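Working notes for the structure below.
We count residues from 1, following the sequence as given. Quick note: numbers below take in every heavy atom, side chains included, and nothing from hydrogens, waters or symmetry partners. None of the values given here were measured: they were computed from a predicted structure.
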Amino acid sequence: MRDAYHEELDSIGEALVEMARLVGSAIGRATTAMLDADLKLAESVIAGDQKVDDLQHELEARAIALLARQQPVATDLRIVVTSLRMSADLERSGDLAQHVAKLARLRFPASAVPHDLHATMLEMGQLAQRLMAKAAEVITTKDVDLALQLEHDDDEMDLLHRTLFQHLMDDRWKHGIETAVDVTLLGRYYERFADHAVSVAKRVVYLVTGEHADELQAAAAAAATPPAQGE
C-alpha cells in the first residue's frame, strides 16, 4: 500500500514536469507564430492548450483522491497541496501562451508586432521558454539553489518589459494605437508567464524546506550583511 502511495505521489510530480514541458514549448511556438504570422502554428498552440488543461484536471483528481484515501500529514501533505498550486501556475502559463497565439491569429496575415520590435519580442519569448525549462528542472531535481536563481533570472524579463514601454512612450512611435495595445498585451503575457515560472520554483523551495523562498532569501541576505560598526 505504501509503495503504491509513493508511486502516486511520484506520478503527480511527473505530471507537473510534463505540464511545464508543454507550456514551455507552447510559448516558444506561439512566439514564432506571432513574429512569422504563421496561422497554422498559432492554431496548433491554441488547440494544444487542451492537453495542459486535461493534465491539470487529472492531477487534481489524483491529489484529491490521495487526500481522501491516505490523509497524508507533514511532508507528504505539503507535497500534495503544493503540487496543486504549481499545477494552477502551469495551467495559467498555458493560457498565456494561448493568448499570444490568439493574437497572432487575430492579426493574420500581418504580424502583430512591428518589425523594429521583433528582436525584443523574440528575446522575451526565448527567455520565457528558458525560465519554464529551468522550472521543470527544479521540479525534477528539487534543487533549492537553482529554484532561488529563477527570481534573479526573471529580472531580465522585467528589463525587456520596460524596454517595450520605452518604445511605446517614444514620440517617434508611428505604428498606431491598435499596435500599441497589441504590444502592451504581449509584453504583459510574457511578463506574467515568467512570473508563473518563478512561482513554481518558489513552491518547490517550500515543498523541500518547509520555508518560503522569500524568507530564505531574506535570511541569506541578513547573514551576508556585515555588522555595523560598534556591534
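Looking at Leu16, Val52, Ile12 one by one, the single match for side chain to side chain contact (heavy atoms under 4.5 Å, CB included) with Ser87 turns out to be Leu16.
Going from atom CG of Leu77 over to atom OG1 of Thr82 covers 8.5 Å, rounded to the nearest 0.5 Å. Here CG of Leu90 is found 9.0 Å from CG of Leu59. Values are rounded to the nearest 0.5 Å. In this structure, Gln126 CD and Leu160 CG are separated by 10.5 Å, a value rounded to the nearest 0.5 Å. Here the OG atom belonging to Ser111 is positioned 11.5 Å from the CG atom belonging to Asp38, to the nearest 0.5 angstrom. Taking CG from Asp95 and CZ from Arg192, the interatomic distance works out to 12.0 Å, rounded to the nearest 0.5 Å. For the atom pair CZ (Arg78) and OG1 (Thr209), the distance works out to 7.0 Å, reported to the nearest 0.5 Å.
For His167, the ring pair (Phe, Tyr, Trp, His ring centres under 6.0 Å) test picks out no residue, with sequence neighbours left out. The ring pair (Phe, Tyr, Trp, His ring centres under 6.0 Å) check on Phe108 picks up nothing, with sequence neighbours excluded.
With contacts defined as side-chain heavy-atom distances shorter than 4.5 Å, the pair Arg130/Glu156 qualifies.
When all heavy atoms of Ala88 and Gln56 are compared, the pair lying nearest together is CA-NE2, 3.6 Å. Listed here is the closest heavy atom pair of Leu186 and Ala112: CD1-CB, 4.5 Å. Residue Ala147 comes nearest to Val205 through the heavy atom pair CB-CG2, 3.5 Å, listed as atom of the first residue, atom of the second, then distance. When all heavy atoms of Val183 and Pro114 are compared, the closest pair comes out as CG2-CD, 4.0 Å. Across Phe193 and Val23, no two heavy atoms sit closer than the pair CZ-O, 3.6 Å. The minimum heavy-atom distance between Ala128 and Met157, with the atom names listed, is N-CE, 3.7 Å.
Within 6.0 Å of CZ in Arg85 there are 12 or fewer heavy atoms belonging to other residues, nucleotides or ligands. Heavy atoms of other residues, nucleotides or ligands lying less than 6.0 angstrom from CD1 of Ile177 number 12 at most.
The main-chain N or O of Asp195 is never found under 3.5 Å from a side-chain atom of Ser199 such that the two would form a donor-acceptor pair. Although no hydrogens or angles enter the test, the distance criterion places no donor-acceptor pair under 3.5 Å between the side chain of His152 and the main chain of Leu148. Using a distance-only test at 3.5 Å, with no hydrogens or angles considered, a donor-acceptor pair links the side chain of Gln98 to the main chain of Ile46.
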Identify each donor-acceptor pair in which a side-chain atom of residues 25-34 lies under 3.5 Å from a protein atom, sequence neighbours left out, and give them as a table.
from  : atom 1 : to     : atom 2 : distance (Å)
Ser25 : OG     : Arg29  : NE     : 3.3
Arg29 : NH1    : Ser44  : OG     : 3.2
Thr31 : OG1    : Ile27  : O      : 2.7
Thr31 : OG1    : Tyr190 : OH     : 2.7
Thr32 : OG1    : Gly28  : O      : 3.3

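Within the structure, every pair that satisfies the salt bridge (charged side-chain N to carboxylate O under 4.0 Å, His left out) test and touches residues 133-149, not counting sequence neighbours, is listed here: Lys134-Asp153. Pairs passing the ring-ring contact (aromatic ring centres under 6.0 Å, His included) check and including a residue from residues 110-150, sequence neighbours excluded, read His115-His118. Within the structure, salt bridge (charged side-chain N to carboxylate O under 4.0 Å, His left out) contacts touching residues 55-71 (residues at least two apart or in different chains) are Glu8-Arg62.
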Original post:
Can Lys40 and Glu43 be said to form a salt bridge (Lys or Arg N to Asp or Glu O under 4.0 Å), step by step?
Top reply: CA-CA 5 Å; Lys40 185 176 180 180; Glu43 294 284 12; over 6 Å; no
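The aromatic rings of His99 and Tyr189 sit tilted relative to each other, their planes meeting at an angle between 30° and 60°.
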